[in-house]
Amino acid sequence: MRKDFKLKVFEVVKAIPKGETLSYKRVAELAGRPKAYRAVGNILSRNYDPSIPCHRVIRSDEAPGGYNRGSVAKIRKLREEGVNQFRG
DNA sequence: CGTATGACGTGCA
DNA sequence: GTGCACGCCATAC
C-alpha cells in the first residue's frame with residue numbers, strides 16, 4: 001500500500017546514523033519506491049515530525065534542499081552532527 | 001472522489 | 001558551469 005511508503009520513509013530517515021546523510025532518491029529506494037523520491041520530499045514536508053531526522057535528508061546534488069524550519073537550520077544541524085559540508 | 005502540489009532527478013542547449 | 005523543461009510518485013485538501 002502506498003501508505004506504507006510513507007511509514008517506510010520515516011523508518012529509513014529515522015534509521016539514518018548521526019553524521020550520515022541520504023538523498024531523497026536514496027530514501028525512496030530504501031523505502032521501496034526508487035521513483036518516488038518526489039513523494040519522499042513531499043511526505044517529509046507535509047508531515048514534518050520532530051522524531052524524524054529529516055534534516056539528514058539532502059538532495060542528490062549534495063544540496064540541502066529545503067526545510068520547514070529553514071534550510072539554514074538544516075545545514076546548521078548537519079554541521080553540528082559532523083557533516084562538514086555534505087562532502088562526507 | 002478528483003485535482004493540484006511539491007523539501008526531486010535527469011537531460012539538453 | 002548554468003538554466004530551463006519534463007517526468008515520475010504519493011500526499012493532502
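Residue numbers begin at 1 in each chain, while the letters A, B, ... track the order of the sequences.
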* **A/Asn47 and A/Asn42, any side-chain heavy atoms less than 4.5 Å apart** => no
* SB check A/Glu11 A/Lys8 (cutoff 4.0 Å) -> no
* Asked: Rounded to the nearest Å, what distance is computed from the NZ atom of residue A/Lys6 to the C1' atom of nucleotide B/dG6?
  -> 15 Å
* Asked: Of the nucleotides B/dG6, B/dA7, C/dC9, which has the atom closest to the A/Arg33 side chain?
  -> C/dC9
* Rounded distance in Å - CZ (A/Arg26) to P (C/dC9) -> 19 Å
Protein and nucleotides 4-8 of chain C: nitrogen or oxygen contacts under 3.5 angstrom:
residue: C/dG7; atom: O6; partner: A/Arg38; partner atom: NH2; Å: 2.4
residue: C/dG7; atom: N1; partner: A/Arg38; partner atom: NH2; Å: 3.0

* Below 4.0 angstrom from OP1 or OP2 of B/dG9, is there any side-chain N or O of A/Arg59? -> yes
* Measure from the side chain of A/Asp61, starting at C-beta and using heavy atoms only, and say which of B/dG9, C/dT11, B/dA7 lies closest. => B/dG9
* Does some side-chain heavy atom of A/Val13 sit less than 4.5 Å from a side-chain heavy atom of A/Leu22? -> no
* Full working for side chain to side chain contact (heavy atoms under 4.5 Å, CB included) between A/Tyr67 and A/Val72 -> CA-CA 8 Å; A/Tyr67 201 59; A/Val72 183; over 6 Å; no
* Asked: Checking only heavy atoms, does the side chain of A/Tyr24 share a donor-acceptor pair with the base of B/dA7 at less than 3.5 Å?
  -> yes
* Could you tell me the separation between the CD1 atom of A/Ile75 and the P atom of B/dA7, rounded to a whole number of Å? => 15 Å
* Heavy-atom side-chain proximity of A/Tyr24 to A/Ser60 below 4.5 angstrom -> no
* Can you check whether A/Asn47 has a side-chain N or O nearer than 4.0 Å to OP1 or OP2 of C/dA12? -> yes
* **Distance, rounded to the nearest Å, where A/Asn42 contributes CG and B/dG9 contributes C1'** => 15 Å
* Asked: Can you tell me if A/Lys14 uses its side chain to pair, donor with acceptor, with the backbone of A/Ser51 under 3.5 Å?
  -> no
* Structure fact -> In whole angstroms, the gap separating P of B/dG6 from CG of A/Leu44 amounts to 15 Å
* Side chain of A/Cys54 only, please: which of B/dT5, C/dC9, B/dA7 is the nearest? => B/dA7
* Calculate, to the nearest 0.5 Å, the distance between atoms CZ and OG belonging to A/Arg76 and A/Ser71 respectively. => 12.0 Å
* Give one of base, sugar-phosphate or nothing for A/Ala36, where a contact means two heavy atoms less than 4.0 Å apart. => sugar-phosphate
* To do: Tell me which nucleotide among C/dA10, B/dG6, B/dG9 gets nearest to the side chain of A/Ser60.
  => B/dG9
